Each structure stands twice: as C-alpha cells, then as structure tokens.
Amino acid sequence: MPKQEQAQAQKEDKQTAGGQAELRKVREDKRDALREAGLDPYPYKYEPSHYAAALHEAYKDIPDGTETEDSVRVAGRIMAVRNNGMFLDVQDASGKIQVFCHKGSMSADELAKLKFFDIGDIVGGEGTMRRTPRGELSVRAIKVEMLSKSLLPLPEKFHGISDIEMRYRQRYVDLIMNRESCDTLRVRSKVISLIRRHMDDMGALEVETPILHPIMGGASAKPFVTHHNALDTDFFLRVAPELYLKRLIVGGFADDVYEIGRLFRNEGISPKHNPEFTTIEGYHAYKDYFDMMDMVEGLVQKLVMEIHGSLKIPYGDYEIDFTGPWQRKSMVDLVTEESKIDFLQFETAEEALRAADDLGISVDPQSNWGQIVEAVFEELVEPKLIQPMHVIDHPLDISPLAKGHRDNPRLVERFETFVNTWEIANAFSELNDPAVQRERFAGQAAAREAGDEEAQMMDEDFVTALEYGLPPTGGWAIGIDRLVMLLTNSSNIREVICFPTLKPKK
RNA sequence: GACCGCUUAGCUCAGCUGGUAGAGCAACUGACUUUUAAUCAGUAGGUCGAGAGUUCAAAUCUCUCAGCGGUCACCA
C-alpha cells in the first residue's frame, strides 16, 4: 500500500478508534496474524524449567562473555524490548531474565514469531544460558512461544504507574509494574503462614466460626447488616469472632483454638482503616492475661525475626526495637504520668470529666468513668507509644467481656499492645462468670438503648454457654493488617491489602 | 462526615497574568544491530474528569458534580 493510502486508511481507522482503542487494535491484529500463521495466541500449557531468580543464583559466578550448553526454558511477561526484539526482558514471579533472540541461534520461522510479540505478552523462551560480554545473564533463545497475547498496553517502563487510584483499582497492573507492591503483599502472605504454623506447632486447632451473626457482639463497633432471603432475617457481618471462639472452649473442643479471618466494621476509611480487615484471635484454657502477654510478645518477635532477621526494624522516621521484655504499664498509671492526675482518685464520672476538661480534653458528657480515662489516654498517651508496650489493666467500663481485675474492681485484666502508636493486639483474662457477664451485657444493651450504636447486644446464648462453664481462659487478637504495615514500612493500610475497598466508579 | 488539594495522549508529566494543546516512553513506518530507559529519521494518537456559567475567546476564571489523595472526626 502506498504511503498516502496507508495514512488515509489509518486516518479512517482513527475516526472509529481513539488512542487506546488504536493501540489495542494493533495487538488484536497481531493476535489474528498469529492464528493465520497457525499459532495459538492462547495455548494451554508450557513447562518452564527455571525461575529467573534461580538462574541468576545458579549462574552468578560465570564470567562475562561465557556461553554454556545448558538448556533452559523460561516463561513470563515481556517487560521491555530492545533492538527490535533482539533482547526481551522477561519477568516471572521471581524476577527478570533477558532472552536473547538472535538469527545466529534461531531459525527463520522462530525469528518470524518475534514480530507478533509486544511488551506485556506472556511468552516462553527456550535456549542456552550465557552471560553477555556486557555482563547480562541471558537465555540465548532457540525457540520462543506466545503463551498469552496481551491486548492492552502496559504503563511506561521507566516511571511505571504512580497513579494511586489505578494502583488499587487495577491491582494486577500495579503488581506487574511494581516489585515493591508484590514484595509487600508477599510479606503478608508469609506472616499469615508463619502465624498458622506457630499456632499449629503449639497444638492449637484452627477453626472457622460464622461470619453472619444474628447478634452483634464481641467488640464495640458499627456493623454491616445484610439479609438472608429464605430465612427473611437480617444478619450482621461479624465485628469479632470472640463469642463463638469462647463457646468452643466451653465445649471442650480444644483447650487452644484460633481463627484467622476477616472482620467487618461499618466505619470510616482511612490510611489505617479498611472496612474489612484480618485478625488472628486465639483462646487458651487455663491461662490468664499474663500468659497472653508472653504469647503475643513471643509470636510478634518471631514474625519480626523471620521477616527482617533482626528485632530492630525501620518504620518511617523511627527504628522500632522488638527486643523483650516489652514494658508493661497500666493505663491509669500512664495517664497519671502524662497528666499528673490520678484518675483512680475520682469515684464518679463527674469528677473525672472535670479533670479531663481541665486538661483541655473534650469528652462526651454522657461518658462513664472508664470512657473518660480512655479518652485521656488516647489523647495524651497513645501518640507517644512508639516502642512496643503492653498497656494493661483497662477500666471495666470499656471492657464488657474481660474478667474483673483480681486487685481492683474498677479495672479488668486486659492489655493492648501498642507499637508505633497503633494498637496491634488486644487481650484479656476472659470473663467466665455468667452472672457478671449477664450484667455487663445488660449495661451494654442499656447504652445501646441510649443511642450508643457501637454498644454490644445481649447475647443470651453466650451467657448460657458460660452457665455450662468456661474454664479460666486467656484470649488475644492481633490485627494482621497493621502488623504487616509495620513489617513492610507501609504508611497506608491499602498497601497491605490486595484489593482494598474503594468507592465503585460510575 | 468536614476542610484542603489533585484530575491534560495508553503511561509519566509540561502548558505563566485567558488567545483553538506539547514532550518523553509505549504504538506505527523505516534505518541500524550484542542492547541495558539501546540509537537515528519519520507518522499517528486528546470531548484537557463531567456539566453549567463568565468572556469575542476557557485546559487556564467561577459554580455544581464525580473519583482519588491528605488532614481531622469515628475506629483496629
């Protein structure tokens, strides 16, 4: 076709096809051309012999300019093409390797396939290992194969994608382009795997409890509500698995149980909150909260060590040192340290409220004593808790499922582990006196009546379970997402979630 | 939910106090051939997030809306 006609034809194409459609059409044409040449653009199978990383490791010592007879097959996505297809950068799950396509080693038929290849295609290459005179480990291809024709252009090779929205909405593109995104999510995967192994090794049984809850309980939070049609009943997506896990301990199913799973809270979205998030929650018969502190500390240290090879890790501007034993301080004492006020001296909420006012901390005037202490703690103490610390002995008012403190009736045996100002663990000696639990639920239900949307509901069946008898039990939970944020130096929870919640695009 | 900011080619970004859109990469045509963000010459690619307004004239100014981001609120 003469040039003018060609330009004209291209121009006509453009009227129906915009920029991206035009790029796509070029690739569709190559796909069709593959078929016309008798090649399947989407074949069923390929058997690579090595990952790129394994080759880099195995051949790390061969000098520049070495040719070997070692035959390998690699497969992956073309990330870059140089010299008109002579050099392909092929990326697999482990890394990248250059595939060298030269007429010296490839038949004319094989060479002809290169014209169907684009950046982004999944291809296979078979050939011999060599290191180029310039030092690049390569596969000297004898054969190449299209394994999956890509129809859409990848982002620019040098800058990659920086559009944050695209990174989360089209995570697959982010993963193709950004090694760090893969690495972060792989740490998450490893953390969950390590936790599971740790728990299994101690003989704990992993269980799955309902996500659809008829009664909201186990945590103070706003729930999602959904509807079962056949039962014509609303259910809450669970905000915590706690009450079911304790029922299993009552049943003697096992003395140690745990569940790794998703929780759902219908609250704001922020760099530290996703509506669905993952926790590990464990319950251990015959243990108290001191045992839980040891357990949480040991597990977290193990994870930090496995991931980083050190107990000191960087996060933002800080170095966080997980070396134990972590400090254990009571919430009230910490508040006293910062405010110079001992809130235990106040017998009533009114006095505590005045003290909070004097500190310039605004608190809902409806608050009870414990809520005021908690508010002051959050305001004055939390922002300072960078290094790991177990904050212990919370007010009873804010802990309806924890057992009363053995030395102080206004407190409970509870701790929250803080790192980098975040609560990463929450645990207690579990309340197992059914009469007391019933009173606590009644208090929650009353608060709920009074408008506290996050207060828990009376769960009669749970109280019944306690009436059959829950052994002395320690329970704990760790938020996996935030832990992974710490371990990967991520500043946004979305980095550690494969598909974070976004508003659907219209 | 409130406030602030961002949105221009497939991607990364320019575009000044208003004067009808530019570059690099990717793509296409060709040259070259052991490259490393390969190079060289050329071609094509845009409803400037959407809608309304002001103006002779709007990517640019105003308003509304949408998505995203940041801070705050709620929370883990």
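Just so it is clear: chains get the letters A, B, ... in the order the sequence lines come, proteins before strands, and each one is counted from 1. Because the structure is a prediction, the values reported are computed rather than measured.
With sequence neighbours left out, Asp393(A) forms a salt bridge (Lys or Arg N to Asp or Glu O under 4.0 Å) with no residue at all. Partners of Lys157(A) by salt bridge (Lys or Arg N to Asp or Glu O under 4.0 Å), not counting sequence neighbours: none found. Here Arg196(A) pairs with Ile192(A), Asp200(A), Glu206(A), Tyr258(A), Ile260(A) under the side chain to side chain contact (heavy atoms under 4.5 Å, CB included) rule; sequence neighbours left out. With sequence neighbours excluded, the residues forming a side-chain hydrogen bond (donor to acceptor under 3.5 Å, both in side chains) with Glu338(A) are Lys384(A), listed by chain and number.
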N/O to N/O distances under 3.5 Å, protein versus nucleotides 1-5 of chain B:
none

Find every protein N or O atom lying less than 3.5 Å from an N or O atom of nucleotides 23-26 of chain B, and list the pairs.
| from | atom 1 | to | atom 2 | distance (Å) |
| --- | --- | --- | --- | --- |
| G24(B) | N2 | Glu156(A) | OE1 | 3.4 |
| A26(B) | OP1 | Lys157(A) | NZ | 2.9 |

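Each of U34(B), U12(B), U36(B) was ranked by its minimum atom distance to the side chain of Glu136(A); first place goes to U36(B). Listed nucleotides: C28(B), C11(B), U34(B). Nearest to the side chain of Arg140(A): U34(B). With A76(B), U34(B), U12(B) as the choices, the nucleotide that has an atom nearest any side-chain atom of Phe277(A) turns out to be A76(B). Distance from the side chain of Glu165(A) is smallest for C68(B) among the nucleotides C11(B), U34(B), C68(B). Side-chain atoms of Lys30(A) lie closest to C28(B) of the nucleotides C74(B), G70(B), C28(B). Here U36(B) is the nucleotide among U36(B), C68(B), G10(B) with the atom lying nearest to any side-chain atom of Thr132(A). The nucleotide whose nearest atom lies closest to any side-chain atom of Arg82(A) is, among A38(B), U71(B), U34(B), A38(B). Distance from the side chain of Val26(A) is smallest to A27(B) among A73(B), A27(B), U33(B).
With hydrogens and angles left out, the side-chain atoms of Glu495(A) and Thr488(A) include no donor and acceptor closer than 3.5 Å.
When both distances must be under 3.5 Å, the Watson-Crick or G-U wobble mate of G53(B) is C61(B).
Between Ser162(A) and the phosphate of C13(B), there is a side-chain N or O to OP1/OP2 separation shorter than 4.0 Å.
Using atom C1' as the reference point in both U60(B) and C48(B), the two lie 10 Å apart (nearest Å).
Heavy-atom distances to RNA chain B give each of Glu378(A) and Ser491(A) a nearest nucleotide, and the one nearer the 5′ end belongs to Ser491(A).
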